[in-house]
Protein chains: 2
Amino acid sequence: MTDGTGATGRLTARAREIVAAARDLLEESGPAALTMRTLADRLGIKAPSLYKHFPDKHAVEVELAAQMLEESAEALETAATRTPGSLEELARAYRTYALSHPHLYCLATERPLPRASLPAGLEDRAALPLLRACGGDLDLARATWAFAHGMVVLEIHGRFPEDADLDAAWKRGLRALHP
Amino acid sequence: MTDGTGATGRLTARAREIVAAARDLLEESGPAALTMRTLADRLGIKAPSLYKHFPDKHAVEVELAAQMLEESAEALETAATRTPGSLEELARAYRTYALSHPHLYCLATERPLPRASLPAGLEDRAALPLLRACGGDLDLARATWAFAHGMVVLEIHGRFPEDADLDAAWKRGLRALHP
DNA sequence: GGTCATGGCTAACGGCGTTAGCTAAGATGC
DNA sequence: GCATCTTAGCTAACGCCGTTAGCCATGACC
């Protein structure tokens with residue numbers, strides 16, 4: 001188990017404050033509200049001062065993506081520990097986490113993974129619980145991940161019909177992928 | 001079969017030229033390159049003139065999303081006609097279309113569906129081939145759609161490991177969902 | 001106590017979407 | 001055939017955005 005931020009040591013204290021404020025802003029008001037000026041405002045400083053701590057806005061967003069990856073990994077690990085081998089519980093944890101942090105989930109997900117800037121091993125760690133639940137079948141794990149990600153983003157972006165029974169679609173997909 | 005644009009009659013000729021230029025710009029250079037100024041440039045006019053034809057940039061993007069929906073529906077219908085009942089061929093058509101137009105696919109997909117501005121019935125039409133291939137099982141169709149969408153967007157955004165065998169993951173997922 | 005790094009600041013640049021207001025050209029009505 | 005109105009362009013400008021340059025106070029270090 002980690003410190004929950006994954007950035008202690010990698011970032012200065014002030015940089016972590018900035019990331020925390022950025023996260024609040026993003027989660028409360030969406031990606032359009034996450035501007036360098038409003039972020040600085042929330043910290044009681046001016047926008048250019050942010051560049052003493054991060055080279056550009058993208059670097060802040062990468063930090064947010066890393067948080068999301070780390071936290072979702074933790075959520076999956078917790079579920080796997082509580083109910084070993086249950087893909088249903090893993091899926092529930094994934095869905096719950098993503099829908100609790102929709103803006104963060106999309107920010108972290110809808111662009112290339114910044115592997116170079118990520119803590120070593122984080123990507124594998126996030127994938128491991130699902131891979132184990134799939135008995136080491138890499139193809140099945142990837143297919144299941146795609147299914148879960150697809151369900152979550154389609155739901156977040158309101159692509160399903162209003163009256164769609166998403167619980168039933170989840171059940172049906174999981175039953176097929178993990179009989 | 002339609003005219004392939006779906007907008008004849010709904011849009012003026014000039015508006016259709018603008019959408020066509022916007023599409024070229026988007027597909028060639030990505031969403032960041034799609035600005036009102038560069039779009040106007042490509043048409044040999046100035047940015048404010050675009051507002052004589054569309055109320056705002058979003059309206060242009062909605063037109064692009066409608067094109068994507070229409071064309072992917074056509075691709076699926078063609079596949080369903082050529083190889084009736086084959087989910088493999090449907091999936092291949094979906095993947096091929098999305099990967100041939102990645103920026104357009106993401107633009108149309110990574111935001112709420114503008115149902116009010118869409119041609120009537122288009123959403124249902126796009127969903128029908130898959131629903132039929134699933135024997136009318138709505139839950140299975142939605143699960144399969146989520147799987148396919150997840151595979152495509154994760155591939156587009158480079159989220160899978162470099163060496164991942166995506167063909168195998170597609171096969172594995174489809175085999176599970178449609179035994 | 002002088003030196004230097006830290007972390008603020010103001011002013012400004014170029015690009016964005018968008019609005020206001022002007023105008024040339026063509027269609028329309030009598 | 002002329003007046004009128006609509007169309008579709010234009011320039012200028014506004015308020016945002018990310019970002020850079022350059023200045024300055026504070027406090028740590030030898």
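Keep in mind that this is a model prediction, so the values were computed, not measured. Naming: A, B, ... by sequence-line order, numbering from 1 per chain. Atom set for the values below is all heavy atoms of this structure, side chains included, hydrogens, waters and symmetry mates excluded.
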A:K52 NZ to D:dT19 P, straight-line distance once rounded to whole Å: 15 Å
DNA chain C: 5'-most and 3'-most nucleotides touching chain A, 4.0 angstrom heavy-atom criterion: C:dG7 to C:dA12
Salt-bridge present (B:E70, B:R125; N to O < 4.0 Å): yes
A:A32 or A:P55, whichever maps to the more 5' nucleotide of DNA chain D: A:A32
Donor-acceptor pair, side chain of A:T38 and main chain of A:L34, under 3.5 angstrom: no
Pairs where residues 144-173 of chain A contributes a residue and the test salt bridge (charged side-chain N to carboxylate O under 4.0 Å, His left out) is met, not counting sequence neighbours: A:R95-A:E155, A:R95-A:D167, A:R172-B:D137
Out of D:dA8, D:dA13, D:dG18, whichever nucleotide has its closest atom nearest the side chain of B:R37: D:dA13
Sugar-phosphate only, base, or nothing, as touched by B:L43 at under 4.0 Å among non-hydrogen atoms: nothing
Sugar-phosphate, base or nothing in reach of B:S49, heavy atoms under 4.0 Å: base
Aromatic ring pairing B:W170/B:F147, orientation class (parallel under 30°, perpendicular over 60°, tilted between): perpendicular
Interatomic distance, A:Y51 OH vs D:dG18 P [rounded to whole Å]: 6 Å
A:F54 CZ to D:dT19 C1', straight-line distance once rounded to whole Å: 16 Å
Integer-rounded Å distance: D:dG18 P and A:M36 CE: 7 Å
Any donor-acceptor pair under 3.5 Å from B:S29 side chain to B:L26 backbone: no
Heavy-atom neighbours of A:R132 CZ exceed 12 at 6.0 Å: no
A:L39 CG to D:dC17 C1', straight-line distance once rounded to whole Å: 14 Å
